Structures are given as structure tokens and as C-alpha cells.
Amino acid sequence: MKITLTRVCLREIRLPLREPFRISSGVTEHRRILLLELRDSEGAVAWSECAAGEKPNYSPETIDTAWLAIREWLAPRLLGRELDDPNQVFPLLDSDIRGHRMAKAALEMGVWALFATHREISLARLLGGVHRSVATGISLGIQDTPEALVERAISAQREGYRKIKLKIAPGADLQFVAAVRQALGPEALLMADANSAYRLKDADHLAQLDRFGLMMIEQPLAWDDLVRHATLQRRLATPICLDESITSPEQAEDMVNLGSGKIVNIKPGRVGGLRQAKAIHDVCQRHGVPVWCGGMLESGIGRAYNVALASLPNFVIPGDLSPSARYWERDIVFPEWTMDGEGMVPVPWHEPGIGVQVDLDRVDDLTLRSETLGS
Ligand code: OSB
Ligand code: MG
């Protein structure tokens, strides 16, 4: 089966979060989200989402750089070209175009969904998924006080989340983690994410987290570092999990060889799409490194791709795949994403494509700008 992409429509929507989400490098109160609507020569349509944020405080990309990259360099490579396998897309987009992985991913993932739609199977099955539901954790933003964080952690535990991740930063770390550990008890699956807020000179300070029995500490050092993380890992009992630093299967291999971390958070948006995400999954699986699927506060569209990816076998740690209601008053898909009382999110298995419908009226209402490429 072959697919020819004829049109890509870019849209920016604005979606307010239920509550501000603070990480060490900045705060988000409402999401500006870049959505793509891909159409092929048979008239099939797939929606995808770009993981980039409004500011370059997680990666160098933003929704504005992604818009430019897609319009100027990436979409022109795909429009009108016959494709017979979604695995062709990443190499096509990556050759002689450096970086812009989130922009590449938005297009690439949409093409995967088009193939799934044409083959009348779910994206999870097209990817080779095995899990019919995925275990889910929650990522709690930095709060003003340990008490405020404890309150949120307790409700999360009650709701059934299988892992609780605390965002940390210098000044909001030891006391906050201690308070949550104390409140939730020794068995609770807890971890911390620093989003690159520390330096190697903070190693002794970070080693004080060891006494809280965290599952892992995510990305303590610089967003593009592997070497210093390896030094830090040798000084910590807590496993390091890398997020920002792993942008390709080669980086994952380097992590293993250098000892920079023991766990990987895979986000398809960060790494250039589903082919790359699967390749990282495979490298980790070969080396006995467990992985989990992270999130970027996606709408229900981006979430569909994350959930499908998390159905692959080596996703053995609960992901940041919270249900729609954790983020939004109302999502832009139906059905909305839900989680049961055991912290499991069902993987759409029988519906062709991404498994959720886009609420077109709502997307129209939320649209701030749009642009159509192709015919
Ligand atoms: O580092 O994982 C991160 C959100 C925005 C930017 C970076 C990160 C996050 C999260 C949110 O932790 C996870 C989610 O989508 O629930
Ligand atoms: Mg992270």
C-alpha cells in the first residue's frame, strides 16, 4: 500500500491548563499547541501534534521554530511523494536537516497514523505494541510549599496513579521530597525530575536524595549532557533517568556505554518521531535498560501517539500519560483519555488509526492561526 501526502494544515490552538505547571526552567499556564492535519491523495486525514512548547526552556525548539521548519524545509520533502512505509519518513526528513526533531516528529507521526488508517488497524498494532493498557503516573509541578505538594501527591495516590513524579529545583528539593515520602509511606513509587537544574558540583547535595528511596532522578544535569551524568551516576545510589539528553538511538547507546543513566524516558516528539522512539526502545531493550513514556502536556491528540508507543514491550515503568481531566477542563478529542482506579489507561486496540476523534468545532474555536501547505 502506498500513500501520497497532498496537504498539511498547520494550526495553533490555545488551551488553558487547569492549573499552572511549574518546572525548574519555567511555568506554563496555558498551552500554545501546534496541531497538524495531514491529508493524502485518497482523502484520508490524520491529526498530529508537535511536542514543542512556547519557549525554548526544555529543548531549543518552540512552536514557532517548528512552524517555520515544517513550512520551509520539512513538509516540502513529503508533499506529493509516494511513500510505501512510514519508516521512510524520518530518514527523508533528517537528511541534511539538523535538529528540529519535534517538527520532524509531528509530520512523521501523522504519516504513521495515515498508514494505520489505511490498513484499518490501530496505531498501537501497526507499531508492534503488546500491552492493551498502560500503567500511568502523574508529574506534579513545583509548588510553593511542601504542604501544597503533599496535598497533591496524596490525591494522586488516592486516584490510583502508579508512580508519582515530583518536579524539583534547587530550593525546592530535599524538604519537598522528604515531606511527600513521609506522607505517602515507604512503598509509594516516587521519583524526581530536575529538568537540568543542577551542576556536577551539586553531587553531594543530590546524594542526599538517596535516603528517600526514589525509583529514579530524571535529568539532573545539563539538557545535552552525557559525560557529567556518568560521573554523577557513580556518586548516587538512585538510578539516573535521562530525558532531554536522549535524542537518538546513538545517544541511548552512549548512555549505556558511558554509564550516564540506567533508565530512559522516551518521548516520540523529542526524538524525531515513532521510528526513532522505537529504535531507542530497541537499543534499551537489548541492554536491559527499562523505559517509560514521558509527556509534554499534550492534548488528547499527542497523547494518542504516546499511549500507542507505550504499548511496546519494554515500556515497563508507568508513563507520564495522565488522563485528559488532569490537564484540561475539556480535551479536544472524544472520547477523552481516562484512567481506571488501578492507574491504567486503555490502549485503543481495535479502532483504526489513533483511536480518538478530533473535536473539530472545538479545535476551530481554539484556533489562533492556521496555514495550509500543498493543494
Ligand atoms: O520533563 O518530563 C518533563 C512537561 C513539560 C516539559 C517537560 C516535562 C514535562 C512533564 C509533564 O513532566 C508530563 C506530562 O505530560 O504529564
Ligand atoms: Mg523530564
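For ligands, and for the atoms within them, numbers begin at 1 and follow the listed sequence. Note that the structure is a prediction, hence the values are computed from the model and not measured.
Ranking protein heavy atoms by distance to atom 12 (O) of ligand 1, first place goes to Ser139 OG, 2.9 Å. Nearest non-hydrogen protein atom to atom 1 (O) of ligand 1 is Asn195 ND2, 2.8 Å. Of the protein's heavy atoms, Tyr327 OH, 2.6 Å lies nearest to atom 16 (O) of ligand 1. Remark: minimum distance from atom 15 (O) of ligand 1 to any protein heavy atom is reached at Leu297 N, 2.9 Å. Ranking the protein heavy atoms by distance from atom 7 (C) of ligand 1 puts Tyr58 CD1, 3.6 Å first. Residue, atom and distance of the protein heavy atom nearest to atom 4 (C) of ligand 1 are Phe21 CE2, 3.6 Å. Lys167 NZ, 3.4 Å is the protein heavy atom nearest to atom 8 (C) of ligand 1. Scanning all protein heavy atoms for the shortest distance to atom 6 (C) of ligand 1 gives Met296 SD, 3.7 Å.
Between the CG atom in Leu226 and the CE atom in Met255 there is a gap of 8.5 Å [rounded to 0.5 Å].
Atom OD2 is the N/O/S atom of Asp243 found closest to the Mg ion (ligand 2). Residue Asp193 approaches the Mg ion (ligand 2) most closely through its N/O/S atom OD2. Minimum-distance N/O/S atom of Glu218 relative to the Mg ion (ligand 2): OE2.
At a heavy-atom distance under 4.0 Å, only side-chain atoms of Lys165, from C-beta outward, approach ligand 1. Contacts between Asp243 and ligand 1, counted as non-hydrogen atom pairs separated by less than 4.0 Å, involve the side chain only. Residue-level proximity to ligand 1 for Arg326 is absent, since no heavy atom of it falls below 4.0 angstrom. With a 4.0 Å cut-off on non-hydrogen atoms, Asp193 touches ligand 1 through its side chain and not its backbone.
Shown in contact with Glu218 at under 4.0 Å from a heavy atom are these atoms of ligand 1, numbered in order with element: 2 (O).
Under the 4.5 Å side-chain heavy-atom criterion for ILVMFWY residues, a single connected hydrophobic cluster contains both Ile33 and Ile301.
Ion pairing of Glu12 with Arg14 is absent here, as no side-chain N (NZ or NE/NH1/NH2) approaches a carboxylate O to less than 4.0 Å. The pair Arg303-Asp331 fails the salt-bridge criterion, with no side-chain N (NZ, NE, NH1 or NH2) lying under 4.0 Å from an Asp/Glu carboxylate O. Look at Arg369 and Asp64 and you find a salt bridge, because one of the NZ, NE, NH1 or NH2 atoms lies within 4.0 Å of a carboxylate O, short of that distance. Taking a cutoff of 4.0 Å between a charged side-chain nitrogen and a carboxylate oxygen, Lys267 and Asp320 do not qualify as a salt bridge. A salt bridge between Asp364 and Arg11 is present, with a side-chain N of the basic residue lying under 4.0 Å from a carboxylate O of the acidic one.
For the side-chain contact (heavy atoms from CB on, under 4.5 Å) with Val177, the qualifying choice from Ile217, Leu166, Leu149 is Leu166, the only one to do so.
Cation-pi check for Lys163 over Trp292 is met; the charged atom lies under 6.0 angstrom from the ring centroid and within 45 degrees of its normal.
Distances from atom 2 (O) of ligand 1 to the heavy atoms of Lys267, Glu244, Arg31 show the closest one on Lys267.
Side-chain contact check for Glu108 versus Asp94: every heavy-atom pair is 4.5 Å or farther apart.
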Donor-acceptor pairs under 3.5 Å, side chain of residues 280-289 to any protein atom, not counting sequence neighbours: which ones?
unit_1	atom_1	unit_2	atom_2	d
His281	NE2	Asn314	N	2.9
His287	ND1	Val283	O	2.9

